[in-house]
K.L.:
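Can you read through this structure? Questions will come right after.
So that the names make sense, note that chain A is the first sequence line, chain B the second, and so on, each numbered from 1. Quantities reported herein were computed from a predicted structural model and do not represent experimental measurements.
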Number of protein chains: 2
Amino acid sequence: MPASPSLSPSSAAPSTPGPVAATPAGLEPVQAEFIALFVAAAEVFGVPRSLGEIYGVIYASPRPLSFQDIVDRLAISKGSVSQGLRMLKSLGAIRTAYVPGDRRDHFEPETELRTLVGGLLRDRVNPHLEQGRHRLERVGAEIVAGKGLSKTEAAVLRARVQKLENWRRKGATLLPILTRVLS
Amino acid sequence: MPASPSLSPSSAAPSTPGPVAATPAGLEPVQAEFIALFVAAAEVFGVPRSLGEIYGVIYASPRPLSFQDIVDRLAISKGSVSQGLRMLKSLGAIRTAYVPGDRRDHFEPETELRTLVGGLLRDRVNPHLEQGRHRLERVGAEIVAGKGLSKTEAAVLRARVQKLENWRRKGATLLPILTRVLS
DNA sequence: CCTCTTGTTCATTTTTTTTTGAACAACTTA
DNA sequence: TAAGTTGTTCAAAAAAAAATGAACAAGAGG
């Protein structure tokens, strides 16, 4: 193993005062606080808690962390770290950094909000927007007065389909703008 | 427990000349398509599937639906419908409509996108933004060169806290604008 | 007071998601 | 080739979230 982490592993505090729950092995309070922040964010965005932890510990480190560093500082399994890192990479939330004298990959945070939000939107929202367009067309075509629907009822439903189409269009034009504003 | 849910056709209701047959699904294809749309949306926003179903069936109906109507058309329990309706009301996604000659509540969809998105943001994002501000202040104060942190390392971390603060501020100013743009 | 309808509550059950960890693959070095 | 690292995979376990349904409340009518 190369140089030891710059933040000392240290002491298991019996009980942690303050708002952050018990700090896992080898975690400074500052780091724990950072991590808590990203765990909360992970919850908001509906991604697994471990993603927040991993991104948090990377974000909280002034230098790139190796796989093993992350496993050591968070009390989670190698498997979770491996999968978490993969997801974070695919989201564009972290990137690998070269560290001289160490053949292992090291990770540092992507700090551009645009990149992060963009990655999430790309993965979660965009596919549905496209599929939604098709479904809306189909629904619009299927609404016909007749079998159980009076003429006015059909009109109400068609108006609602129109409303959905407006939503979809607005969303589709707003998302790119949003990610641009988050420069 | 394979208790077969009795498909009780609501023939007693005088104001309900329901065209919906007692098919296993109990749904017209058009309605099913609408519902699929909102189920997908529910997934995107990270709310329970049943919320999407319930909102969907209400949205797909040209006239307000009673509690019982919803239970009949979707194959989900009374309990789920009750809780789902409560959440939808608190999100501002549906409202109750008066139907003459029927003392039961009836529900119709709120079709303003602003209201829907606003409700979600209010419930999911806002609380965290506020709490995040406090945590950021605390983290900033805790970063001091010394115990394991060199001066430059502390500077890197302080810069990252600053970045987070920028994110937070941007988010806080953007959200209200966003909901306003979604008129 | 009794009964019927309408809907809510909440302890359980079911389903889905997330995490774990041991086996294993890919490399490096000797 | 052997032996040591480093990280990945994936079946199974654990945890979390959601749905169920029986008991119960609240009100209407009788």
Side-chain angles (χ1 to χ4, degrees), chain A residues 1-2 21 24-25 39-40 42-55 57-58 64-72 74-90 94 96-99 101-107 123-124, chain B residues 1-16 35 38-39 42-55 57-58 64-91 94 96-99 101-107 123-124:
Chain A
M1 203 194 281
V39 165
E43 194 175 307
V44 170
F45 287 109
V47 301
R49 166 192 194 82
S50 64
L51 276 203
E53 294 186 280
I54 295 169
Y55 185 74
V57 83
I58 292 173
L65 293 184
S66 73
F67 185 97
Q68 194 55 49
D69 288 337
I70 297 167
V71 171
D72 289 344
L74 305 172
I76 65 185
S77 69
K78 279 203 304 173
S80 284
V81 172
S82 180
Q83 293 177 176
L85 285 174
R86 177 146 46 96
M87 279 195 252
L88 287 172
K89 282 180 233 166
S90 91
I94 59 176
T96 62
Y98 171 65
V99 170
D102 195 332
R103 69 185 174 84
R104 300 172 304 177
D105 270 354
H106 286 68
F107 306 96
D123 280 20
R124 299 177 70 84
Chain B
M1 231 181 253
S4 55
S6 49
L7 299 176
S8 43
S10 57
S11 52
S15 64
T16 307
I35 291 170
F38 287 104
V39 165
E43 194 176 306
V44 170
F45 287 110
V47 300
R49 167 191 195 84
S50 63
L51 277 203
E53 295 186 282
I54 296 170
Y55 185 74
V57 82
I58 292 173
L65 294 184
S66 73
F67 184 98
Q68 194 57 49
D69 289 336
I70 297 168
V71 172
D72 290 345
R73 295 178 191 203
L74 305 172
I76 65 185
S77 69
K78 279 203 305 171
S80 285
V81 171
S82 179
Q83 294 178 175
L85 285 174
R86 176 146 47 97
M87 279 194 252
L88 287 172
K89 282 180 231 166
S90 91
L91 280 175
I94 59 175
T96 60
Y98 172 66
V99 170
D102 195 332
R103 70 185 174 85
R104 299 172 303 175
D105 270 353
H106 285 68
F107 306 96
D123 280 20
R124 298 176 71 83

K.L.:
Atom CG of B:L85 to atom C1' of C:dT9: distance rounded to whole Å?
P.N.:
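That distance rounds to 15 Å.
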K.L.:
Could you state the CZ-C1' distance from A:R104 to D:dG4, rounded to the nearest angstrom?
P.N.:
14 Å
K.L.:
Nucleotide by nucleotide, 5' to 3', does protein get under 4.0 Å of the base (B), only the sugar-phosphate (S), or neither (-) in nucleotides 21-30 of chain C, counting heavy atoms?
P.N.:
B------S--
K.L.:
In whole angstroms, how far is the P atom of C:dT8 from the CZ atom of B:F107?
P.N.:
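Going from CZ in B:F107 over to P in C:dT8 covers 7 Å.
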K.L.:
Can you check whether B:I70 reaches B:E53 side chain to side chain, under 4.5 Å on heavy atoms?
P.N.:
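Sidechains of B:E53 and B:I70: no contact.
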K.L.:
At what distance, to the nearest 0.5 angstrom, does OG of B:S80 lie from CG of B:L85?
P.N.:
10.5 Å
K.L.:
In this structure, how many angstroms lie between the P atom of C:dT6 and the CG atom of B:D105, rounded?
P.N.:
12 Å
K.L.:
Is the backbone N or O of A:M87 less than 3.5 Å from a side-chain atom of A:S90, with the two atoms forming a donor-acceptor pair by type?
P.N.:
yes
K.L.:
Within the structure provided, determine whether A:D105 and A:F67 are in side-chain contact (heavy-atom separation under 4.5 Å).
P.N.:
no
K.L.:
To the nearest angstrom, how far is A:I70 atom CD1 from C:dT20 atom C1'?
P.N.:
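Between C1' of C:dT20 and CD1 of A:I70: 17 Å.
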K.L.:
Quickly work out the B:E53 CD to C:dT15 C1' distance and round it to whole Å.
P.N.:
14 Å
K.L.:
Could you give the CD1-to-P distance, from B:I54 to C:dG7, as a whole number of Å?
P.N.:
13 Å
K.L.:
Please enumerate all residues that pass ring pair (Phe, Tyr, Trp, His ring centres under 6.0 Å) together with B:F107, with sequence neighbours excluded.
P.N.:
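So B:F107 forms no ring pair (Phe, Tyr, Trp, His ring centres under 6.0 Å) with any residue.
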K.L.:
Once you round to the nearest 0.5 Å, how far does CG of B:L88 lie from CG of B:L51?
P.N.:
5.0 Å
K.L.:
Across the strands shown, which category fits B:S50 at heavy-atom distances under 4.0 angstrom: base, sugar-phosphate, nothing?
P.N.:
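Result for B:S50 = sugar-phosphate.
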K.L.:
Which heavy atom of A:R104 sits nearest to which heavy atom of A:H106, and what is that distance?
P.N.:
O-ND1, 3.0 Å
K.L.:
What's the closest nucleotide to the side chain of B:P48 if the choices are C:dT8, C:dT20, D:dA18?
P.N.:
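Of all the options, the side chain of B:P48 is nearest to D:dA18.
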K.L.:
Would one find a side-chain N or O of B:R49 under 4.0 angstrom from OP1 or OP2 of C:dT15?
P.N.:
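No.
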K.L.:
Just how far, in rounded Å, is P of D:dT8 from CD1 of A:I76?
P.N.:
13 Å
